[in-house]
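To start, the structure itself, in structure tokens.
A quick note: this is a predicted structure, and the numbers were derived from the prediction, not measured. Atoms within a ligand are numbered from 1 in the order they appear, just like the ligands themselves. Position 1 is the first residue of the sequence, and the numbers go up from there.
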Amino acid sequence: MEEIKIHLTEKEIPEQWYNIQADLPRPLPPMMSPVTKKPATPPELTPLFPEALIMQEVSKERWIDIPEELRDLIRQNRPTPLYRARSLEKLLDTPAKIYYKYEGVNASGSHKLNTALAQAWYNKQEDVKRLATETGAGQWGSALSMACAILNMKCTVYMVKVSYQQKPYRKSLMQLFGAEVFASPTNRTNAGRSILAENPDSLGSLGIAISEAVEDAATHDDTKYTLGSVLNHVLMHQTLIGLEAKKQLEKAGDYPDIVIGCVGGGSNFGGIANPFLMDKLQGLRKNLRVIAVEPAACPSLTKGVYAYDYGDSTGLGPIAKMYTLGHTFMPAGIHAGGLRYHGMSPIVSMLYNEKIIEAVSYLQNPVFEAAVMFARSESIVPAPESAHAIRAAIDEALKAKAAGEKKVILFNLSGHGHFDMAAYDNYLSGNLVDFAYPTEKVHEALSHLPKI
Ligand SMILES: *Cc1c(COP(=O)(O)O)cnc(C)c1O
């Protein structure tokens, strides 16, 4: 009998994170200061981040030790299972093998806990009392709230107003874990007040909420800022996913031909893909295909440009070289809230620019169609974000069928969709509207890029 779930023991949780900066073809372009427009110096970042994380951000060491005490905390929710999608394979009648790593098994419901716990732990070592952050769809805020509860720290979350209204129970979950949650834009910060002065009915954006959380941290001594995606150290913390998946596939006697992840800021994608990309970059797996999947409503990789841009909306935060739709980008209210970000991780951006990885975009309806097929065959309700990866995995499995090829496909199921029933309701009642971001708007927003 072949297994459906491939498990690891707690002892098999990785002891080190993988840092892809050691294997990139070129060094990453430096992050720039929003004030000087020159490479940001560590003292400019210390009001926002603890030193240990700033060091990780720029480190070129291939392997970074996970502190024993942190590993002990990680054990509560890891390892996560790797599934073989036998029912989905049967439904598709494909010769391809489909595997997925399921990151929705912790209470916050996504992969984001992997970095939330690490970031909170390093902050606590440097005597930080409170963490401020933004959340789009609510998963990052939930993960950080949970991490702060575990480490007995305070947590302040600026939640994008449209999500605050669409997903009230995400707010309740954060409060349950002890966080204070505000609908952004708020009146608590200059950034929020300036947006409200222009448009009192603003439904917010991730970029605006980031500005608010950054300002909160920069103006309070006991408080630091945390970001749930995009940054190099965040992607590194997420490599637990891919490193575990590698061991699990080894147990199953397989290695993927194709690795797939959805991309918002790029962290779950980097988490699953980077440990496999290590083999490709080192020349061991030259034919490995790695696919980043994004919504057509927020197509940073497939329609954006590779340029220096602000990470937030009001130009307070650091400037990074990345694929961007422009920091003034206002996304349509699609349901995959976690994928509504104007930029992309500098690491993922470089991998795409160097043609080491591929990217595709999908409209909402085909994504939800895939989500429903998956739920009915695999008995897991996927997050709308994760369903983008499912769509691409299904399409690759169907291509393999047409070509009669026995491909091994691995995708990351980044989270569950238990808080996304309004979105499913919308889809099932036929009311989900497809939205592709118009190219003219990309050109308009790109006229506001900072001059570096
Ligand atoms: C936040 C989130 C994403 C997108 O963020 P990345 O940093 O690109 O991973 C994807 N899936 C889920 C379930 C999320 O919560």
*Please determine if Arg62 forms a cation-pi arrangement with Tyr18, meaning its NZ or CZ atom is less than 6.0 Å from the six-membered ring centre and no more than 45° off the ring axis.*
no
*Can you list the residues that meet the ring pair (Phe, Tyr, Trp, His ring centres under 6.0 Å) rule with Tyr427, with sequence neighbours excluded?*
Phe368
*Considering only heavy atoms, which protein residues lie less than 4.0 Å from any atom of ligand 1?*
Ser110, His111, Lys112, Gln139, Ser229, Cys262, Val263, Gly264, Gly265, Gly266, Ser267, Asn268, Gly338, Leu339, Ala383, Glu385, Ser386, Ser414, Gly415
*Does anything in residues 293-309 pair up under side-chain hydrogen bond (donor to acceptor under 3.5 Å, both in side chains), and if so which pairs, sequence neighbours excluded?*
Glu294-Thr302, Asp309-Thr324, Asp309-His327
*Minimum-distance pair of heavy atoms, taken over all atoms of Asp420 and Pro384*: CG-CD, 3.4 Å
_Any Lys246 side-chain heavy atom under 4.5 Å of Asp279 side chain_ = yes
*asked:* I'd like to check the ring pair (Phe, Tyr, Trp, His ring centres under 6.0 Å) partners of Tyr341; sequence neighbours left out, ordered by chain and number.
replied: none
